[in-house]
Amino acid sequence: MKGNINNNNMGLGKSIKMYLTIFVATTCIYMLIYQYHMSTQEIDSNEVIKHQDKSSLSSSFASYFWALTSNGSLANINDNSNTIATTTSTAASSLSTVSLAATGATLMTSSGSSPPSSSSTSLTSSPTEKRAANTSKSLLTTAGATTTTTTTTIRTTTTTRKQTTTSTNTTRTTSTRGTKPKANQFGTLVHATSSLAATSASTPALGRVRRPREAFVPVPEPPPLYIITPTYRRPEQLAELTRLGYTLKHVTNLLWLVIEDANETSPLVFDILDRIGVPYHYLLAPMPAQYRIKRFKPRGVSNRNRGLAYIRANATEGVFYFADDDNTYDVSLFEQMRYTKMVSMWPVGLVTNTGVSSPIVRDGKLNGFYDGWIGGRKYPVDMAGFAVSVKFLLQRPNATMPFVVGYEEDGFLRSLKPLSNDDIELLANKCTEILTWHTQTKKNPSAIALNQTRYGGTNLIAIDKLLVRS
Ligand code: UGA
Ligand code: MN
């Protein structure tokens with residue numbers, strides 16, 4: 001009897017195993033057939049493609065699940081998730097071609113120098129800093145402009161493969177709603193496009209068509225601002241630079257030193273900087289190898305020291321400020337900091353439980369510092385919380401930022417000695433306002449690879465080239 005029961009149990013176990021194997025095998029075959037079918041199929045005009053999950057594993061499961069339910073009512077169950085639905089139609093491919101052509105055909109930039117006091121400001125395009133090697137592959141475009149308070153003349157020279165076209169335009173537009181442009185406001189200079197640029201229109205990311213870059217020639221008033229922004233390659237990079245760049249666009253007489261922790265420049269970063277239209281230099285400063293392998297890295301230090309070197313070599317007047325690419329800035333802060341005589345400081349809103357990092361002001365004087373972590377620092381301040389005069393820096397030839405995690409700000413400020421607390425100017429209404437925030441963007445994994453077969457001939461092929469993958 002016992003033996004019989006055992007035999008029966010074994011038989012049952014074997015058949016369960018067999019059925020399971022058949023089920024798994026059928027499922028796999030179904031998945032393969034489905035994948036093949038989808039990659040060869042035209043995109044259905046009513047097809048709804050959801051943004052995919054972050055991990056490629058979960059996304060492939062998601063798409064498989066979606067496939068199983070796409071014809072049934074279960075498909076709607078996915079709709080209450082917080083993903084954004086995107087509709088793709090067959091018209092997309094032809095539309096994308098048109099819009100890309102338009103991008104190449106309209107070269108837009110804006111001038112950052114038309115101060116009211118100067119009757120004539122000459123802008124020349126002779127960057128003292130050389131661009132990194134890989135830009136030589138791309139078409140070289142330089143722009144020179146002469147600006148007066150009443151007229152604007154732009155000369156754009158485009159050179160490629162021994163062909164030269166020159167175009168001149170004097171269009172001036174303003175973004176204010178129907179009001180007259182104020183004399184000290186930015187004018188937006190619309191560069192006339194050469195037929196060459198229009199015909200060779202391609203994805204800007206390929207770097208074949210370079211928009212004219214604004215050259216920066218500082219004017220004495222208001223004092224020039226040098227904004228040193230460390231950046232590095234990651235999926236959020238272009239979003240951060242876009243936000244910061246359009247903030248800086250509100251500020252006149254400003255040079256944006258965008259310094260990447262990398263060995264080569266990125267055409268995508270060039271494209272974004274050109275599109276924003278703030279005068280900039282895009283420089284490289286890779287983190288030294290001995291720090292890169294560490295668990296806690298001194299982030300942005302080589303970049304900032306590169307910025308200091310640029311200022312020592314090129315600037316004589318004005319003020320500089322370390323503006324990390326991921327923080328948030330009120331434009332009025334820039335207008336205050338540009339009059340700094342030595343060093344100025346102000347509160348920085350934090351996204352930590354301390355809430356703020358700030359100088360403590362008692363009876364109108366600097367009386368210490370409030371910060372979540374003091375750590376034996378003489379200046380327990382945030383990187384976004386101070387600015388320094390160029391002249392003051394030039395008088396301190398040894399000032400530098402140390403590669404010591406957590407002590408970057410303190411080390412740099414100490415290296416500016418002699419600096420007395422009485423010399424530190426307290427901005428933001430004697431440090432009673434928060435005009436900048438140390439924000440942090442959630443880190444995202446790189447986007448999954450686009451299925452080139454499935455989406456061949458659509459706009460997604462072009463868009464895919466615009467994504468930064470780390
Ligand atoms: C904080 C400070 O505010 C930074 O000034 C300081 O450099 C950093 O800590 C540190 O002590 O290491 P946090 O927001 O934590 O900043 O750091 P990130 O925003 O990741 O990096 C600061 C800057 O360096 C950013 O502009 C970022 O683009 C750049 N960075 C970051 C690099 O250039 N390379 C990297 O590998 C990481
Ligand atoms: Mn940050």
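Note that ligands are numbered from 1 as they come in the structure, with each ligand's atoms numbered from 1 the same way. Everything quoted here is computed from the prediction, not taken from an experiment. Starting from 1, each residue takes its place in the sequence as its number.
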Which of these, M287, R304, R299, E409, has its nearest heavy atom closest to atom 17 (O) of ligand 1?
R299

Considering only heavy atoms of K297, which atoms of ligand 1 have at least one such atom less than 4.0 Å away?
12 (O)

So, regarding K443 and ligand 1 (criterion: nitrogen or oxygen to nitrogen or oxygen, under 3.5 Å), is there a contact or not?
no

Aromatic plane relationship, H281 with Y310 - under 30° parallel, 30 to 60° tilted, over 60° perpendicular:
tilted

Identify, by atom number and element, the atoms of ligand 1 in contact range of T231, meaning under 4.0 Å from any of its heavy atoms.
28 (O), 33 (O)

Below 4.0 angstrom, N of the basic side chain to O of the carboxylate: do E260 and R233 qualify?
no

Which ligand 1 atoms are under 4.0 Å away from a heavy-atom of G300?
24 (O), 30 (N), 32 (C), 33 (O)

Ring centres under 6.0 angstrom apart (Y226, Y321):
no

Could you find the nearest protein heavy atom to atom 11 (O) of ligand 1 and give me its residue, atom name and distance?
E408 OE2, 2.8 Å

For atom 15 (O) of ligand 1, which candidate among Q440, E260, R233 holds the nearest heavy atom?
Q440

Pair R292 + D261, salt bridge at N-O below 4.0 Å:
yes

Give me the residue, atom name and distance of the protein heavy atom closest to atom 29 (C) of ligand 1.
P230 CB, 3.8 Å

Quick test of your reading of the model: are D271 and K465 salt-bridged, counting only N-O distances below 4.0 Å?
no

Taking C-beta and beyond as the side chain, do T265 and L284 meet within less than 4.5 Å on heavy atoms?
yes

Just going by heavy-atom distances, which of H438, Q237, M383 is nearest to atom 14 (O) of ligand 1?
H438

Below 2.8 Å, any N, O or S contact between D326 and the Mn ion (ligand 2)?
yes

Quick one: nearest non-hydrogen protein atom to atom 25 (C) of ligand 1, plus distance?
D325 OD1, 3.5 Å

What I want to know is whether R292 and ligand 1 share at least one N or O pair that is separated by under 3.5 angstrom.
no

Considering only non-hydrogen protein atoms, determine which one is nearest to atom 34 (N) of ligand 1 and report residue, atom name and distance to 0.1 Å.
D261 OD2, 2.8 Å

Qualifying residue, where the test is salt bridge (Lys or Arg N to Asp or Glu O under 4.0 Å) with R377 and the options are D371, D382, D410:
D371

Out of E240, E236, Q237, which residue meets the side-chain hydrogen bond (donor to acceptor under 3.5 Å, both in side chains) rule with T441?
E240

For atom 30 (N) of ligand 1, what is the nearest protein heavy atom, given as residue, atom name and distance?
Y232 CD2, 3.3 Å

Over 12 foreign heavy atoms within 6.0 Å of NZ, K365:
no

For atom 19 (O) of ligand 1, state which one of V258, N327, D326, D382 supplies the nearest heavy atom.
D326

Among all protein heavy atoms, pick the one closest to atom 33 (O) of ligand 1 and tell me residue, atom and distance.
N303 ND2, 3.0 Å

D324, portion touching ligand 1 at heavy-atom distance under 4.0 Å
both

Between F412 and F322, does the ring centroid distance fall short of 6.0 Å?
yes

Check: F334 ring centre within less than 6.0 Å of W346 ring centre
no

